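As a basis for the values below, the full set of heavy atoms in this structure was taken, side chains included, without hydrogen atoms, waters or symmetry mates. Counting starts at 1 for both ligands and their atoms, in listed order. The shown structure was predicted, so the numbers you read here are calculated from the model rather than taken from an experiment.
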Amino acid sequence: MAIRKDGGFVTMQQHVISSQAEHIKASGEFSWLLSAITLSTKIISSYVRRAGLIDIIGEAHSADGHNQTNVQGEIVQKLDLIANDTLKRTLGYRGNVGIVASEEDNDPKVIQELGKGGKYIVMFDPLDGSSNIDTNVSVGTIFTILERIPGEKSVTQGVLQPGYKQLAAGYVVYGSSTVMVYTVGHGVHMFTLDPQFGAYLLVKENVKMPEYANQYSCNEAYLHTFPEGYGKYLGWAKDHKGGQCSMRYIGSLVADFHRILLKGGVFLYPPTKKNPEGKLRLMYEANPLAFIAEQAGGAATDGRGRVLDIQPTSLHQRTPLIIGGKKNVDEVMKFVR
Ligand code: AHG
Ligand code: MN
Ligand code: MN
């Protein structure tokens with residue numbers, strides 16, 4: 001139910017401005033930046049909701065008619081490109097975004113020099129779970145905002161900051177409704193896009209992730225290639241809990257995470273033979289969700305240490321990911337460590 005304050009609904013804009021008034025140092029420019037992201041996700045949401053009606057289903061084709069693949073080696077969906085272009089275009093007009101980096105682009109892009117006000121870095125997974133688009137399963141957008149470091153040696157070195165440096169992180173799930181969740185380091189707040197207003201309205205402040213729930217989320221098809229500890233945990237979860245443990249796996253990280261944020265449990269994407277470092281990307285999937293998880297009282301690890309402490313070495317590096325309720329993550333780590 002949308003929260004009302006002083007008799008009126010609270011939009012994301014108002015919420016960011018009021019929270020920035022209390023907390024983060026930036027003047028109104030931070031909320032101006034975030035408004036580019038909220039605008040982009042409204043545009044992306046409108047495309048997602050018309051998938052099938054307009055020609056945005058399926059793979060993007062390069063000029064020679066072949067499937068386009070991205071730096072990840074994955075086939076690019078048309079909606080990946082639309083989402084990517086939309087985010088870059090709106091962020092480009094904000095004047096205070098210096099660098100953008102995307103899952104869909106090989107390298108970070110400078111759009112404003114540091115000296116000319118380009119003080120922020122925005123990185124994103126423009127469309128997460130894109131393999132699910134054609135079957136009407138929830139997909140999402142994940143983003144993170146960092147500040148540029150004075151005296152950065154290169155653009156790439158400038159963006160390779162550990163997750164604990166994030167100023168803000170958030171995601172949107174294009175599901176049965178369009179839901180935005182974000183944090184600026186002072187709690188996690190949730191908004192639903194009201195299609196009538198075209199505005200994100202506050203529905204929950206200071207969201208807390210349940211410490212424990214009897215549910216895990218994992219693609220067990222790769223079980224035989226997981227490191228041994230993961231298999232031991234999954235076997236234990238099935239036997240020890242005498243069948244009380246359930247499993248949910250949507251195949252869109254952002255949708256699986258959102259369920260865990262609200263209902264608890266644990267998501268695990270271990271190293272596999274195909275992806276020995278895990279499949280999920282550190283900079284614009286694991287880090288933003290780890291920031292949100294910790295702000296909501298949960299935890300996120302790569303099976304060795306805290307995700308937010310990882311010192312990145314490359315923009316598209318992958319990481320194993322165990323993320324969820326504190327007690328759930330500790331339980332998994334008993335077997336994995
Ligand atoms: P993306 O669509 O941005 O490439 O992300 C897909 C990711 C993530 O959303 C999901 O959790 C994972 O891929 C599913 O991987 P599997 O199909 O290997 O389970
Ligand atoms: Mn993704
Ligand atoms: Mn993606």
Aromatic ring pairing Phe191/His15, orientation class (parallel under 30°, perpendicular over 60°, tilted between) | perpendicular
Leu253, any N or O under 3.5 Å of ligand 1 N or O | yes
At what distance is the nearest protein heavy atom to atom 18 (O) of ligand 1, and which residue and atom is it?
-> Tyr269 OH, 2.6 Å
Per-atom contacts of ligand 1 with Glu285, taking only distances under 4.0 Å to non-hydrogen atoms = 3 (O), 5 (O)
Side chain, backbone, both or neither: Asn219 near ligand 1, heavy atoms under 4.0 Å | side chain
Roughly how far apart are Tyr120 OH and Arg148 CZ, rounded to 0.5 Å?
-> 13.0 Å
Numbered atoms of ligand 1 (with element) below 4.0 Å of Leu127, judged on heavy atoms | 2 (O), 3 (O)
His258: which of Phe267, Tyr174, Tyr171 passes ring pair (Phe, Tyr, Trp, His ring centres under 6.0 Å) | Tyr171
Name of the Asp128 N, O or S atom nearest the Mn ion (ligand 2)?
-> OD1
Give the residue and atom name of whichever protein heavy atom lies nearest to atom 15 (O) of ligand 1, and the separation in Å to one decimal.
-> Lys279 NZ, 3.0 Å
Hey, does Ile250 sit under 4.0 Å from ligand 1 if you only count heavy atoms?
-> no
Protein contact to atom 2 (O) of ligand 1 [nearest heavy atom, distance to 0.1 Å] | Gly129 N, 2.8 Å
Look only at interatomic distance and state if Tyr249 has a nitrogen or oxygen under 3.5 Å from any nitrogen or oxygen of ligand 1.
-> yes
Salt bridge between Glu104 and Lys109, side-chain N to carboxylate O under 4.0 Å?
-> no
Minimum-distance N/O/S atom that Glu285 presents toward the Mn ion (ligand 2) = OE2
Think Arg259 forms a cation-pi with Phe257, using NZ or CZ under 6.0 Å from the six-ring centre and within 45 degrees of its axis?
-> no
Is the Phe226 ring parallel, tilted or perpendicular to the Tyr222 ring (thresholds 30°, 60°)?
-> perpendicular
Got the closest protein heavy atom to atom 7 (C) of ligand 1, with its distance?
-> Leu280 CD2, 3.8 Å
Got a donor-acceptor contact below 3.5 angstrom from the His316 side chain to the Asn106 backbone?
-> yes
Mind checking whether the Mn ion (ligand 3) has an N, O or S of Leu127 under 2.8 Å?
-> yes
What residue and atom, counting heavy atoms only, is the protein's closest point to atom 4 (O) of ligand 1, and at what distance?
-> Arg281 NH2, 3.1 Å
Would Lys326 and Glu211 pass as an ion pair if we require N to O under 4.0 Å?
-> no
If you measure from CD on Glu220 to NE2 on His224, what distance do you get to the nearest 0.5 Å?
-> 12.5 Å
Test item: Gln295 side-chain N/O and Gly187 main-chain N/O as donor-acceptor pair under 3.5 Å = yes
Relative to the Mn ion (ligand 3), which of the N, O or S atoms in Asp125 is the closest?
-> OD1
From Glu103, does some N, O or S atom reach closer than 2.8 Å to the Mn ion (ligand 3)?
-> yes
Looking at Tyr222, which atoms of ligand 1 are within less than 4.0 Å of one of its heavy atoms?
-> 16 (P), 18 (O)
Under 4.0 Å from any heavy atom of Asp125, which atoms of ligand 1 are there?
-> 3 (O)
Would you confirm whether His189, through its side chain, and Asn206, through its main-chain N or O, come within 3.5 Å as a donor-acceptor pair?
-> yes
Please determine if Ser252 has a nitrogen or oxygen closer than 3.5 Å to a nitrogen or oxygen of ligand 1.
-> no
What residue and heavy atom of the protein are closest to atom 5 (O) of ligand 1, and at what distance?
-> Asp128 OD1, 3.1 Å
Under 3.5 Å, is there a donor-acceptor pair between the Ser40 and Thr90 side chains?
-> yes
For Gly251, the atoms of ligand 1 under 4.0 Å from one of its heavy atoms are 9 (O), 10 (C), 14 (C)
Is it true that the side chains of Arg94 and Ser35 contain a donor and an acceptor less than 3.5 Å apart?
-> yes
